[in-house]
Amino acid sequence: MNRYRLIGQRLAALAFITALLLNYPLISLFNADRMILGAPVLHVYLFSVWLTFIGLMAFFIERRE
Amino acid sequence: MNLGLISFVALIYIGALFAIAYYGDREAERGRSLINTPYIYALSLTVYCTAWTFYGSVGRAATSGVDFLPIYLGPTIMAALWWFVLRKIIRISKIQHITSIADFIASRYGKSALLGGLVTAMAVLGVIPYISLQLKAVSYSFTLLWHYPNLALPDLDAIPILRDTGFYVALIMAAFAILFGTRHLDATEHHEGLVLAMAFESIVKLLTFLSVGVFVTFTLFRGTGDLFARAAMQPDLRRLFAFDQTPLAYQNWFWLILLSMFATLLLPRQFQMAVVENVNERHIETATWLFPFYLFVINLFVVPIALAGRLLVAGDVSPDMYVLLLPLERSANWLALLAFVGGISAATGMIIVETVALSTMLTNDLMMPLLLHANAFSASRDLSSFMLNLRRGAILLVVFLGYLFFRLTGKTFSMVSIGLISFAAVVQFAPALLGGIYWKGGTRRGALLGLLSGFLVWAYTLPLPLLAQTAGLGDAFIEAGPWGVSWLRPYALFGLTGYEPITHALFWSLLVNASLYLIGSLWSGESALEHRQAALFVDIFRHVGGSEQVQIWRGEASPLDLQTLMQRFLGRSRAEQLLSEYARTRGVTDWRALETDADMIEEVERQLAGVVGAASARVAVASIVTEEPLDITKVIHMLDETSQVVAYSRQLEQKSRELEAATAELREANRRLQELDRLKDEFISTVTHELRTPLTSIRALTEILYYNPDLPAAQRQQFLDIITKEIARLSRLINDVLDFAKLESKAYDWNLKPVNLKMLISDAFDATRQLFLERNITVRMELPDDAPDALTDNDLLMQVILNLLSNAAKFTTDQVTVRLRQEGDFLRVDVIDNGPGVDPAYRETIFEKFSQVPPPDGIRRQGTGLGLPISRAIITQLGGRIWVEGKPGQGATFSFTLPISPFKPSQETSHATT
Amino acid sequence: MPQPESPVPSHPPRVLIVDDEPNIIISIEFLLRQAGYTTQVAHSGEDALRILQQEPPDLVVLDIMLPGMDGFEVCQWIREHSEWNHVKIMMLTAKGRDAEISKGFALGADAYITKPFSTRHFVEEVHRLLTPPAEDRI
């Protein structure tokens, strides 16, 4: 049960941070007419934050103590 | 493209869907659950991705860039919170037998039928347009594929219903939902086939969309770099690479994320899949990352497809259809067909699950309560098949309402706008639902106020202006406000301007909704039932299995009444089975023997709730529990505080009765213990007394001999004789006491085998021959040779016979007869003497230990007082009987019986003893 | 065994032994006769009362566990009759619990000896009971 609560708290913290990263004002820092890796910087930013978030969730949950 | 081919492929796909669902159900019936894995669970949740995702995201991306993303980012963030929120909702729903989100909210606020009906109505009104959107997508994609390269979308009014693909899709979906969504009466049971088919659909839509994406990005272009570079050269496409530089754009973005966060939890189909169809709470864990990952992957190619469409597709065509058009443009007809199938799978998945969910809500939370209130059912009617048919009817109703909406408005709206309107409708459930599981203070009145006000604001600010536009009165209404009242403009309520309509509506509706929910809750009391449900929901993890509920007793009803009620809704055999199971948990074999109490009524209500929903179950149970026709004032009365108090005191009375019974039992047990203790005490005191008697003689005579060394030799001899005899008596007594204790404690090792009694008696006589010779007694043996063996313990029986023979030798005048004979299944042995006999008054007493029976002739004989009690203990345990007969003065006959051995006479034994 | 001092009365005091154990009777009779008393034997309570009515003894040596009427009842019976006031009662029994001893004295027994008994103590007690108090002697 302890592990359960720990993971839950990590996930909640992660959700909070991600929500911040995906919203104004942080998002505005990447809202520029620039390209990176062959794609608009905003798109690259959103998709990488998204994927990182999913990856971290999977890591927290599936890692067995 | 060839109409026949398109129809053929579509039908093949739908046939496969039916086959998979059938397979899933069949396996489930055989006890093998195919959906009991977190992967199927996670995939089934992606019913979230509908035709809107499949076609609409591209459309939105093509016109406003990354604006399609919040709809998927929101659920991703929400998934992280499932760990707490969804787990709690699932736990509550399992315990309370929740069948839908309407049921959930109604249950939370005191099983309020009114609330359940309101939520149902909101869900149906809010979601029907969404269903129509799916039909529209299928219908348009079909037409497009068929008529390509003619891009003009057909005028709906020109197509008769019977030639409209949307109509047939609606028909097939209704059939599917009826077949696989109403297999069980109990709506809390899992629709295994349905879930399996949805998981299959989610894979199909993902793979087909990815195929188109890969085709577009890597065949039509040289990868994403090339695509973006070419798009960047066109200013109106480059504009899509970033947000508008206005703060309002960010606010729209934020509100859309918030909206979709809640929608993943609150859409009826999401609730159905995530909560009702959940097999195992732990499946949430994997779904938490797998579901967002699916959303991530399916969205990877949205922007490339959108940009490619803008670059390559010429002409005035809805960007929603780029997914189909791009392959068609390059004559990749097979891929277009594949994409079409993907679109169908996205649309059908949504329609099917949404329909099942809505139909459950409609029947359980709207129709049944109304019918029950109207007293529409005769008491004896079996309602189980009626319930199923009602649900089937509701499915047809929902699907065709969707179709009707599509026919009426299909020309006007884009997919995304309709989808968001539905989202905004269900998000109105958020305050009541989330408040309900985390705040005990939320009340029914608060929930009603919040939901109703939120719904009204939603209706006024979103669908109403659209409908007005459809009816041709839109512009004046939107621009100037109703009757020219500018602060009532539906897109700029109270003068709030600059937001997109959806953001504007969300802000106002949620503000009003949440405020009134709070205010209503704080300013109204709650009934005991509400209070209890609130505690159950909020503290769900503190309750183990929900069994320790505060029970509310609501009057009289026999178990038979309850059975009749259950039978009406569940059918005879199921009712019987459930009641029997329940009786077993109460430690009773027959449920008819149960006392109807609050717990039993609870259970019946819970079982019914799985079929008809919590509110209906409550009304139904209340109707028989009060034993009078139900009207709404009665229901309210039942809930009011005074009756609760009465109920509570009655419950207390019952408890104190139980306590009294328990106390009486304890007292009785204690009394018996004391009695046993007393008997044991008596035995010990008797034994010590018996031990002291010979000791007394021994001590007295020894002292006499010691202090009188000059006693005459004859007297010395006499005293020494007595001492010797008394010592022998003492040791005999000790042996007897030990034997007796052993027999009494049942610790004796019985060694049962066939024994030849003739042999045994002869041996016993040989051992006591000296006694008889000394006293010159004639002994007659009447022992037939053909007597069967007895099944007995040789050594113990020997002890009995020795005892009887020595008794006879002590008391008889000059003659003893021993007789053996068969009496039915028993052998009987008589030992007959011609002594003084036994006074009839003492015939039982002499078998009691240390009985003080006066010697018949006044002469006290040597004995321990334990011989006959030991004999009786032995014979009784060997399955026989021992007793004494004979008139006083005419001798005594001691008799005992023993069961005959069922085995053949043992040759071995007879040889051994001969 | 040392001879106790001879009792004062002219004729030797008579002792009634009430017991149902022949071997115990033998030893008690021997001890009493040796001490110079006359003895009589009753095997049951009823026997004892019959003898009492015919010729009351000076002392009754009374067992409690008797067939029929038990020793307590016999004791009570004697004490209920004032004409037997002078008869001394000695309980001689295997029942040695405090409650039983108290009951014996309460019913009017003059001495209570538990079996198995010391012969010397028994004879001293009999002697004490059958010797009149000092004041009476002068």
Side-chain angles (χ1 to χ4, degrees), chain A, chain B residues 38 61 65-66 69-70 72-74 76-85 87 223-229 231-232 238-245 247-254 257-258 261 282 284-297 299-300 302-304 307 541:
Chain A
M1 266 303 121
N2 223 356
R3 172 189 165 259
Y4 243 77
R5 287 197 40 199
L6 187 67
I7 293 177
Q9 285 166 4
R10 283 179 182 165
L11 290 178
L14 203 56
F16 181 72
I17 294 168
T18 308
L20 285 181
L21 287 174
L22 291 179
N23 271 293
Y24 187 81
L26 286 175
I27 199 175
S28 71
L29 301 179
F30 299 88
N31 192 19
D33 187 9
R34 273 186 288 125
M35 302 284 275
I36 188 171
L37 304 172
V41 66
L42 180 65
H43 294 220
V44 174
Y45 171 72
L46 290 176
F47 274 90
S48 23
V49 169
W50 194 1
L51 190 64
T52 311
F53 176 53
I54 294 168
L56 283 175
M57 286 202 295
F59 176 71
F60 288 154
I61 292 168
E62 298 300 325
R63 186 182 50 170
R64 293 287 175 243
E65 306 284 317
Chain B
V66 290
L69 267 186
Y72 307 96
L73 293 176
T76 302
I77 295 172
M78 193 65 200
L81 304 178
W82 280 353
W83 199 267
F84 298 117
V85 181
R87 186 189 304 280
T224 44
D226 178 37
L227 183 53
F228 278 112
R238 192 176 179 98
R239 190 183 50 82
L240 299 177
F241 288 7
F243 286 121
D244 289 342
Q245 289 295 349
L248 287 182
Y250 294 120
Q251 291 213 27
N252 284 329
W253 175 269
F254 165 79
I257 288 183
L258 194 71
M261 266 181 83
R282 298 205 58 160
I284 298 174
E285 297 179 18
T286 305
T288 293
W289 60 266
L290 190 54
F291 170 68
F293 188 64
Y294 182 101
L295 299 182
F296 177 85
V297 173
N299 275 297
L300 270 178
V302 169
V303 175
L307 293 176
F541 290 114

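So that the names make sense, note that chain A is the first sequence line, chain B the second, and so on, each numbered from 1. The analysis underlying the following values was restricted to heavy atoms, covering all of them including side chains, and did not include hydrogens, waters or symmetry mates.
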Visitor: Using heavy-atom distances under 4.5 Å, tell me whether Trp289(B) contacts chain A through its side chain, its backbone, both, or neither.
Guide: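 Trp289(B) touches chain A through backbone and side-chain heavy atoms alike.
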Visitor: Indicate yes or no: at least one non-hydrogen side-chain atom of Ile77(B) is less than 4.5 angstrom from one of Leu22(A).
Guide: yes
Visitor: Out of Ala80(B), Pro70(B), Gly225(B), return the one with the most heavy atom pairs under 4.5 angstrom to chain A.
Guide: Ala80(B)
Visitor: I'd like to check Phe30(A) versus Leu21(A) (side-chain heavy atoms, cut-off strictly below 4.5 Å). Are they in contact?
Guide: no
Visitor: Within the 4.5 Å heavy-atom criterion, are Leu42(A) and Arg34(A) side-chain neighbours or not?
Guide: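 With C-beta onward as the side chain, the pair stays apart.
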Visitor: Compare all side-chain heavy atoms of Thr18(A) with those of Leu73(B) and state whether any distance is below 4.5 angstrom.
Guide: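 They are not in contact (no side-chain heavy atoms under 4.5 Å apart), so the answer is no.
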Visitor: Which region of Leu46(A), side chain (C-beta onward) or backbone (N, CA, C, O), has a non-hydrogen atom less than 4.5 Å from a non-hydrogen atom of chain B, or is it both or neither?
Guide: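 For Leu46(A), the contact with chain B is made by the side chain alone.
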Visitor: Measure centre to centre between the rings of Tyr72(B) and Phe296(B), then say whether the value is under 6.0 Å.
Guide: no
Visitor: Do Val66(B) and Trp253(B) have side chains that get closer than 4.5 Å, going by heavy atoms?
Guide: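 Contact flag for Val66(B)/Trp253(B) side chains = yes.
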Visitor: Between Trp50(A), Phe47(A), Tyr24(A), who has the most heavy-atom pairs with chain B when the cutoff is under 4.5 Å?
Guide: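 Top count of heavy-atom pairs under 4.5 Å with chain B: Trp50(A).
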Visitor: List in chain and number order the residues that pass side chain to side chain contact (heavy atoms under 4.5 Å, CB included) with Phe16(A), two or more places apart in sequence or in another chain; answer none if no residue qualifies.
Guide: Leu20(A)
Visitor: As an exercise: rank Asp226(B), Leu295(B), Leu227(B) by heavy-atom pairs under 4.5 Å with chain A and give me the winner.
Guide: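 That would be Leu295(B).
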Visitor: Leu51(A) versus chain B, heavy atoms under 4.5 Å apart: side chain, backbone, both or neither?
Guide: both
Visitor: Identify which part of Arg87(B) has an atom lying under 4.5 Å from any heavy atom of chain A, answering side chain, backbone, both or neither.
Guide: side chain
Visitor: Just wondering, do Phe60(A) and Leu6(A) contact through their side chains at under 4.5 Å, heavy atoms?
Guide: no
Visitor: Below 4.5 Å from any heavy atom of chain A, which atoms of Leu69(B) appear? Answer side chain, backbone, both or neither.
Guide: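 For Leu69(B), side-chain heavy atoms alone lie under 4.5 Å from chain A.
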Visitor: Checking heavy atoms, do the side chain of Phe53(A), its backbone, both or neither come under 4.5 Å from chain B?
Guide: side chain
Visitor: Do you know which of Leu290(B), Thr224(B), Thr288(B), Leu81(B) has the most heavy-atom pairs under 4.5 Å to chain A?
Guide: Thr288(B)
Visitor: Quick check on the interface: out of Trp83(B), Phe228(B), Phe293(B), who has the most heavy-atom pairs with chain A under 4.5 Å?
Guide: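 Among the listed options, the one with the most contacts to chain A is Trp83(B).
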